[in-house]
Amino acid sequence: MNSPCYPVAMDVGVCQLRSFSISFLSSVLGAESSTAVSVENSSSGASVVAIDNKIEQAMDLVKSHLMFAVREEVEVLKEQIKELMERNSQLEQENSVLKNLASPEQLAQFQAQVQTGSPTAGAPPEGPGPTA
């Protein structure tokens with residue numbers, strides 16, 4: 001990856017940027033030491049422009065794939081949020097109805113069970129049942 005930069009055709013900043021771009025592209029494409037990207041320096045700089053264009057195209061392709069994947073994930077998460085909000089609303093309504101139907105004694109008993117951490121046995125509540 002040590003390609004010398006000549007200040008004749010480009011300044012130091014462009015040379016460093018090109019070296020970074022080549023290194024980045026090589027790592028993105030999985031090009032390790034076995035298939036390293038090499039650049040020949042020419043006095044015209046045509047090969048540099050061609051390589052820069054290919055790097056830009058590859059980076060645009062990577063960006064578009066990442067954006068597509070992110071958009072897909074966002075849609076899935078939005079749907080999950082919508083479902084969870086609907087379920088939460090339903091449970092809040094059920095909770096409200098149950099609180100309204102429960103007697104003060106049942107509410108006190110439930111609060112005591114919650115504070116002690118003892119699970120409810122699933123037995124029907126004592127006292128008169130709800131009337132419709």
Side-chain angles (χ1 to χ4, degrees):
M1 201 59 59
N2 295 336
S3 58
C5 292
Y6 299 102
V8 175
M10 66 190 97
D11 65 327
V12 175
V14 172
C15 177
Q16 290 173 344
L17 179 61
R18 186 189 67 185
S19 295
F20 170 77
S21 298
I22 292 169
S23 299
F24 178 76
L25 180 62
S26 295
S27 66
V28 167
L29 296 177
E32 298 299 327
S33 59
S34 61
T35 57
V37 176
S38 62
V39 177
E40 291 183 20
N41 289 309
S42 64
S43 60
S44 67
S47 64
V48 171
V49 172
I51 289 173
D52 287 344
N53 287 339
K54 289 184 186 228
I55 289 170
E56 186 175 340
Q57 289 173 354
M59 291 174 77
D60 286 343
L61 183 63
V62 169
K63 178 183 172 185
S64 66
H65 282 287
L66 285 174
M67 291 302 293
F68 179 75
V70 167
R71 283 189 197 106
E72 265 188 353
E73 188 67 22
V74 165
E75 289 302 316
V76 168
L77 291 173
K78 281 182 180 179
E79 186 62 31
Q80 287 178 344
I81 289 169
K82 179 183 171 188
E83 291 170 3
L84 289 171
M85 289 178 71
E86 289 172 358
R87 179 72 175 138
N88 186 44
S89 177
Q90 178 186 8
L91 291 173
E92 285 176 350
Q93 289 174 354
E94 288 178 17
N95 188 31
S96 177
V97 168
L98 291 173
K99 280 183 179 180
N100 289 334
L101 294 176
S103 68
E105 295 83 23
Q106 289 171 325
L107 288 175
Q109 183 183 9
F110 177 72
Q111 287 296 332
Q113 287 176 343
V114 168
Q115 289 174 353
T116 61
S118 63
T120 57
E126 296 178 18
T131 57

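Residue numbers start at 1 and run along the sequence shown. All values below were derived from every heavy atom in this structure, side-chain atoms included, with hydrogens, water molecules and symmetry-related copies excluded.
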Euclidean distance, [Y] [atom2] relative to [X] [atom1], rounded to 0.5 Å:
X	Y	atom1	atom2	answer
T116	Q111	OG1	CD	11.0 Å
E73	F68	CD	CZ	12.0 Å
K63	L61	NZ	CG	12.5 Å
M59	D52	CE	CG	10.5 Å
L66	R71	CG	CZ	11.0 Å

Give me the one residue out of N100, N95, L101 that meets side-chain contact (heavy atoms from CB on, under 4.5 Å) with V97.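 The option that passes is L101.
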Taking the side chain as everything from C-beta on, heavy atoms only, tell me whether K82 gets closer than 4.5 Å to K78.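 With C-beta onward as the side chain, the pair stays apart.
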Hey, does E83 have a side-chain heavy atom less than 4.5 Å from the side chain of R87?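 A side-chain contact is absent here, since even the closest heavy-atom pair is not under 4.5 Å.
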Suppose clustering is done on Ile, Leu, Val, Met, Phe, Trp and Tyr with side-chain heavy atoms closer than 4.5 Å. Which residues sit in the same group as M85?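 When side chains under 4.5 Å apart are linked, the cluster holding M85 also contains I81.
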Taking all atoms of both residues into account, what is the closest heavy-atom pair of K99 and L107, and its distance?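 Distance-wise, the nearest heavy atoms are O-CD1, 4.1 Å.
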Any sub-3.5 Å donor-acceptor pair from N88's side-chain atoms to L84's backbone N or O?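 Between the backbone of L84 and the side chain of N88 there is no qualifying donor-acceptor contact (under 3.5 Å).
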